[in-house]
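In listed order, ligands and their atoms are each counted from 1.
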Amino acid sequence: MQAENQTERELTDMLTAKELLGCAQALEPQLVEWRRTLHRHPEVGFDLTQTKALVKKALTEMGYEPKDCGKAGVIALAGGKKPGKTILLRGDMDALPIQEESGVDYASEVPGKMHGCGHDMHTAMMLGAAQLLKEHEDEIEGTVKLEFQPAEEIFQGSPDMIANGLLENPSVDAAVMFHVLGGMPIPAGVVLVPACGGITMASCEQYHIIVHGKGGHGSMPEKCIDPITAAAHIHIALQEINSRELDAHSFGVFTTGRFQAGAASNVIPDSAEMWGTIRTTDPEGAVTELLHKRMTEIVQGVATAYRCTAEITFSDYCPCMVVDKELAGNALTYMGELLGKGAMDMTPMTGGKPGGGSEDFAFVSHEVPTVSMFLTAGNANEGYTYGQHHPKVKFDDSVLFEGSAAYAYMALRWLQEHK
Ligand SMILES: [Zn+2]
Ligand SMILES: [Zn+2]
């Protein structure tokens, strides 16, 4: 927690935190309009035609020269007039393939698509930060790289932008993201910083198992090879990895969430399929490697024992999020200057343990020092009952200006202190 006088503190040759927050507040009507326009027209994955057009138009009107990056990303640079380092600010833009049931009057106008993770909030916050940084461009002691990212929900947008030069030209020295949080018993507008650093989110990966047998009439199993029996034994055998092969201290968990075979009660099907997810908090990837090896051996070995064949494939990998302790410490200081008691170390809440969710900005966190923070955007006790990804989730857009100020201030202060 920061002392009161630090909130007011004068920054040499720079605007004060209070002034910046005031400038951000003046942008509020525009921020809400951007956010609600995006909310009405959600787009998914890399198919962000309207979203990208809105972002690029707004950036161009502010005086930026936005550039495409990868399949659907946008990058803009602020500053660069004074020498210094480069800090990356990330906002993701994609929605979810779910039907909105929030009941807000600016609800999705696209059937089956919804901004249910709050990425519309992030895009608007980043546009606000872009505006603030443009207004104060002469005070930027280095360069701010603004990243508008697609396809976070499928963990593909971040690696696609990295592969297409996100972290080069100029090369990035530190990276920052915020994610809004809904449905928590915390007042809206609080920035939560994982000041302890380390792993704050688990890795995530999908797997798909297909077991091939030989189908036929249910009355004559001796003429068939039943893939359901083999798949059931595979499911049980896989549990041995969790209980007998993983170090008790290494966090690794996998869950088969979908198991499917057959269409009729009197028919032995040709195949059976299982789908699941693996999560680990091992930054080196040794747990993932062990899981890949042993899951493959068990799937194939058990299938063979029951006269079947089987394949397992892994996809949509997202590593665990690694937060840089020093950068997180800086973030807590700066957010305290900006928001006073509205900035908190989240370590006492988490006990320094990783949360369950995953986030593809984690790919960046394995390349450059990164901090991933949260901005609370709806108190569960004030009607913002539902959490992220729920069809009824709502986010309080009165926190947008704070989000914009937080992005901009984080960049200005870090560059000022790290020349
Ligand atoms: Zn999400
Ligand atoms: Zn999200």
Side-chain angles (χ1 to χ4, degrees), residues 34-35 38-39 41-48 51 55 72-74 88-102 108 110 112-127 129 147-161 175-184 186 188 191-192 194 200-206 257 277 279 316-321 323 346 354-365 370-378 384-397 399-400 403-404 406-407:
W34 278 325
R35 186 260 163 158
L38 292 165
H39 196 89
H41 307 284
E43 294 176 296
V44 170
F46 286 107
D47 300 323
L48 305 180
T51 307
V55 166
V74 176
L88 178 78
L89 306 179
R90 197 284 310 248
D92 42 9
M93 306 185 282
D94 57 317
L96 286 161
I98 56 177
Q99 181 66 40
E100 179 157 358
E101 296 170 21
S102 71
S108 169
V110 185
K113 291 180 189 173
M114 176 195 185
H115 268 294
C117 202
H119 299 182
D120 52 338
M121 301 277 285
H122 303 165
T123 308
M125 280 154 52
M126 279 286 290
L127 286 174
E147 178 197 4
F148 294 87
Q149 188 211 297
E152 192 285 321
E153 295 292 356
I154 52 172
F155 302 145
Q156 291 177 22
S158 183
D160 179 64
M161 288 187 76
V176 178
M177 65 157 276
F178 286 90
H179 203 300
V180 291
L181 268 187
M184 300 271 286
I186 303 173
V191 168
L192 300 171
T200 60
M201 285 185 241
S203 72
C204 187
E205 187 174 30
Q206 308 277 330
T277 48
R279 289 169 206 271
D316 300 332
Y317 176 69
C318 175
C320 50
M321 173 72 78
V323 166
M346 62 191 280
S358 303
E359 159 63 62
D360 82 348
F361 200 58
F363 281 101
V364 169
S365 80
T370 294
V371 63
S372 154
M373 292 177 267
F374 294 101
L375 172 63
T376 60
Y384 293 89
T385 319
Y386 298 93
Q388 249 83 345
H389 288 210
H390 194 283
K392 291 184 179 167
V393 68
K394 291 186 287 187
F395 297 97
D396 183 351
D397 48 23
V399 305
L400 289 171
S404 294
Y407 268 120

Asker: Do Met126 and Phe178 have side chains that get closer than 4.5 Å, going by heavy atoms?
Answerer: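 No, every pair of side-chain atoms sits at 4.5 Å or beyond.
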Asker: Could you check whether any side-chain N or O of Asp316 sits under 3.5 Å from a backbone N or O of Phe155, counting only pairs where one atom can act as donor and the other as acceptor?
Answerer: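 Looks like no, no N/O pair under 3.5 Å.
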Asker: Asp360: what forms a salt bridge (charged side-chain N to carboxylate O under 4.0 Å, His left out) with it, not counting sequence neighbours?
Answerer: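 For Asp360, the residues satisfying salt bridge (charged side-chain N to carboxylate O under 4.0 Å, His left out) (neighbours in sequence not counted) are Arg90.
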Asker: Go through it in stages, so that I can follow the logic: the residues are Gln149 and His122, the test is side chain to side chain donor-acceptor pair (under 3.5 Å), and I'd like the CA-CA distance, side-chain angles, deciding distance and then a yes or no.
Answerer: CA-CA 10 Å; Gln149 188 211 297; His122 303 165; over 6 Å; no
Asker: What protein N/O/S atoms are there under 2.8 Å from the Zn ion (ligand 1), waters excluded?
Answerer: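 Checking every protein N, O and S atom gives Cys117 SG, Glu153 OE1, Glu153 OE2, His389 NE2.
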Asker: Closest N/O/S atom of His179 to the Zn ion (ligand 2), by atom name?
Answerer: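 Output for this pair reads NE2.
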Asker: Using atom types as modelled and distance alone, determine if a side-chain donor or acceptor of Glu152 lies under 3.5 Å from a backbone N or O of Asp92.
Answerer: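 Not confirmed, Glu152 side chain does not pair with Asp92 backbone.
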Asker: What is the ring orientation for Phe374 with His179, classed by angle as parallel under 30°, tilted 30 to 60°, or perpendicular over 60°?
Answerer: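 Tilted: the ring planes of Phe374 and His179 meet at 30° to 60°.
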